[in-house]
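These figures come from a predicted structure and were not determined experimentally. Side chains are part of it too, since the values below use all heavy atoms of this structure and drop only hydrogens, waters and symmetry mates. Chain naming here is simple, since letters A, B, ... match the order of the sequence lines and numbering starts at 1 in each.
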There are 2 protein chains.
Amino acid sequence: MNKKEKIVQSAIQVFTEKGVEKTTVSHIVKAAGIAQGTFYLYFPSKLSLMPAIAEVMVQLTLKTVIEAVEESASFDEQLKQFVDAIFAVNEEHHEIQAMIYSGLASTEHLKEWENVYAPMYQWVSTIVAKGQEQGAIRGDSHPDQLAKLIIGLTESAAEQIYLYDEEVDQGIRASEQKKETLLFLTYALGYSN
Amino acid sequence: MNKKEKIVQSAIQVFTEKGVEKTTVSHIVKAAGIAQGTFYLYFPSKLSLMPAIAEVMVQLTLKTVIEAVEESASFDEQLKQFVDAIFAVNEEHHEIQAMIYSGLASTEHLKEWENVYAPMYQWVSTIVAKGQEQGAIRGDSHPDQLAKLIIGLTESAAEQIYLYDEEVDQGIRASEQKKETLLFLTYALGYSN
DNA sequence: ATGAAATGAATGACAGTCAGTCACCTGAGA
DNA sequence: TCTCAGGTGACTGACTGTCATTCATTTCAT
């Protein structure tokens, strides 16, 4: 692993343990086993780490989703697999998700979010297009548009549970929310088997 | 205006002008016309301002939405009015929206988001319940659940345009996105006139 | 030998503290 | 009713320790 990757990995680890605010650059460099100054050869500031971290997370999410959604499954099964996968990633990595929002939102890096998310949009868009071709879902919207709305809806539903909510009954509310999200999506896409 | 409100108002102003990162507490207190120490009587840190700012914003959003949605209108008209209102608030206050995310997400204040949003959820929920009673939309989901998904979807759709995207052709893409969101919602709620 | 990479001590800026001030209230005595 | 001593707590701003960032120097690879 080169120094830049090492910094990103260490930063994710330390941020997750201590929280973004309480993490100092010297914590990160200590964890990475490099000198203070070296950090600034690779990143101009602490927060400029965030797009790099966000990229790692989106790649992980996309990987999880691609693995979860079976090529051969029916569209409604794929939809369920997709929702389950998004919820699973959000459950496992909610601290990092929160961190990314904070980091991206608090800087001029907000605009990079769309670029980072682009592969995700693209992948969902192709799945949607296939569904439309098979006549499984309505064809009166462009796949790219539907992809953005599907991802936005599902992530926001997952965040409502894992980021913003208290943790009591999280399991129960998560499965409820998943069920509702799936139903909502099924209607929204005009699904007919 | 009491000191606490004065701090919140000044903070919104300075944050919007300089960005959250580049704003210091001494900038805020200077704008508010109070001493450094006074700030800490009301807020334990710079970022703990965020829930208070978020509350102001959500109140503003709810006020805008309530004014925009006509009691007497049909459900699909109400839905359109709702989506338009959310988009309008996001367009007008995108810097502040970004700021709130950053502030809430970067701290232990994330959990307060749900509380801050509660009045909004509640209001939408009652509108949805009325729609269900009239048989305008499907009744196989709880209004509270639908409210969360509707708000999450609409806000995320608006953010995709006004927060994350570049500003080229924003007007065109905004109206496209509004149209698609409305269509998506209409299907999702199983609307039938 | 040369330049690129890495270092870590030094610097300046900032968040947060705290000892002290002051405006105002309360109630006891005249 | 007036007055003033004692009490309260909101407010102040100079001060301190911490931290992000810089940069003169060293190390390393070619």
Side-chain angles (χ1 to χ4, degrees), chain A residues 1-54 95-96 98-110 112, chain B residues 1-54 95-96 98-110 112:
Chain A
M1 196 168 358
N2 66 29
K3 289 232 155 72
K4 190 167 184 175
E5 285 168 8
K6 185 75 193 150
I7 290 170
V8 172
Q9 288 304 323
S10 303
I12 289 176
Q13 179 210 319
V14 183
F15 279 149
T16 308
E17 280 168 16
K18 305 178 82 86
V20 176
E21 273 176 290
K22 292 183 180 165
T23 297
T24 67
V25 172
S26 72
H27 292 142
I28 297 170
V29 298
K30 204 171 285 175
I34 57 167
Q36 191 94 350
T38 309
F39 177 91
Y40 291 92
L41 296 176
Y42 296 99
F43 297 96
S45 70
K46 186 171 100 175
L47 288 173
S48 63
L49 273 169
M50 290 305 170
I53 292 175
E95 301 99 344
I96 305 181
M99 196 167 91
I100 291 170
Y101 283 131
S102 107
L104 283 178
S106 62
T107 58
E108 64 277 17
H109 305 297
L110 242 192
E112 298 183 38
Chain B
M1 199 173 348
N2 66 30
K3 292 242 154 71
K4 190 168 184 175
E5 285 169 9
K6 186 75 195 150
I7 291 170
V8 173
Q9 288 304 323
S10 303
I12 290 176
Q13 179 210 320
V14 182
F15 280 150
T16 307
E17 280 167 17
K18 306 177 80 86
V20 176
E21 271 313 292
K22 292 184 181 162
T23 297
T24 68
V25 173
S26 70
H27 293 141
I28 296 170
V29 297
K30 202 171 289 176
I34 58 163
Q36 187 95 351
T38 309
F39 178 90
Y40 292 94
L41 296 175
Y42 296 100
F43 297 97
S45 69
K46 182 173 94 173
L47 288 174
S48 64
L49 274 169
M50 291 304 171
I53 293 176
E95 301 99 342
I96 304 182
M99 195 168 93
I100 292 170
Y101 282 130
S102 105
L104 283 178
S106 61
T107 59
E108 64 279 15
H109 306 296
L110 243 190
E112 298 183 40

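- Nearest to the side chain of Leu41(A), among dT7(C), dT12(D), dT21(D), sits dT7(C).
- Scanning both residues, Val14(B) and His27(B), for their nearest heavy atoms gives CG1-CB, 4.0 Å.
- Look at CG on Leu47(A): it is 13 Å from C1' on dT21(D), rounded to the nearest Å.
- If you measure from atom CZ of Phe39(A) to atom P of dC19(D), you get 15 Å, rounded to the nearest angstrom.
- Computed from coordinates, the Ile34(A) CD1 to dT27(D) C1' distance equals 16 Å when rounded to whole Å.
- Here the P atom of nucleotide dC11(D) and the NZ atom of Lys6(B) are 14 Å apart, to the nearest Å.
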field: Worked verdict on Thr16(B) versus Gln13(B) for side-chain contact (heavy atoms from CB on, under 4.5 Å)
entry: CA-CA 5 Å; Thr16(B) 307; Gln13(B) 179 210 320; 5.9 Å; no

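- The two residues Ala32(A) and Ile7(A) make their nearest non-hydrogen contact at CB-CA, 4.4 Å.
- Atom CD1 of Ile28(A) sits about 9.5 Å away from atom CD of Gln36(A), to the nearest 0.5 Å.
- A cation-pi geometry, defined here as NZ or CZ lying under 6.0 Å from the six-membered ring centre and within 45° of its normal, holds between Lys4(B) and Phe43(B).
- In this structure, the NZ atom of Lys46(B) is 12 Å from the C1' atom of dA13(C), given to the nearest Å.
- Summary of the strand contacts: Thr38(A) and Val25(A) both lie near DNA chain D, and taking for each the nucleotide with the nearest heavy atom, the more 5' one is attributed to Val25(A).
- Applying the 4.0 Å criterion to OP1 and OP2 of dA10(D), one finds that Lys3(B) has every side-chain N and O outside that range.
- Whole-Å rounding puts the Phe43(B) CZ to dA15(C) P distance at 15 Å.
- In this structure, NZ of Lys30(A) is placed 15 Å from C1' of dT7(C), rounded to the nearest angstrom.
- The separation between Ile28(B) atom CD1 and dA15(C) atom C1' is 11 Å, rounded to whole Å.
- In the set dA14(D), dC11(D), dA9(C), the nucleotide with an atom closest to the side chain of Gln36(A) is dA9(C).
- Nearest to the side chain of Tyr40(A), among dT12(D), dT21(D), dA15(C), sits dT21(D).
- The shortest distance between the side-chain N/O atoms of Tyr42(B) and the OP1/OP2 oxygens of dA10(D) is not below 4.0 Å.
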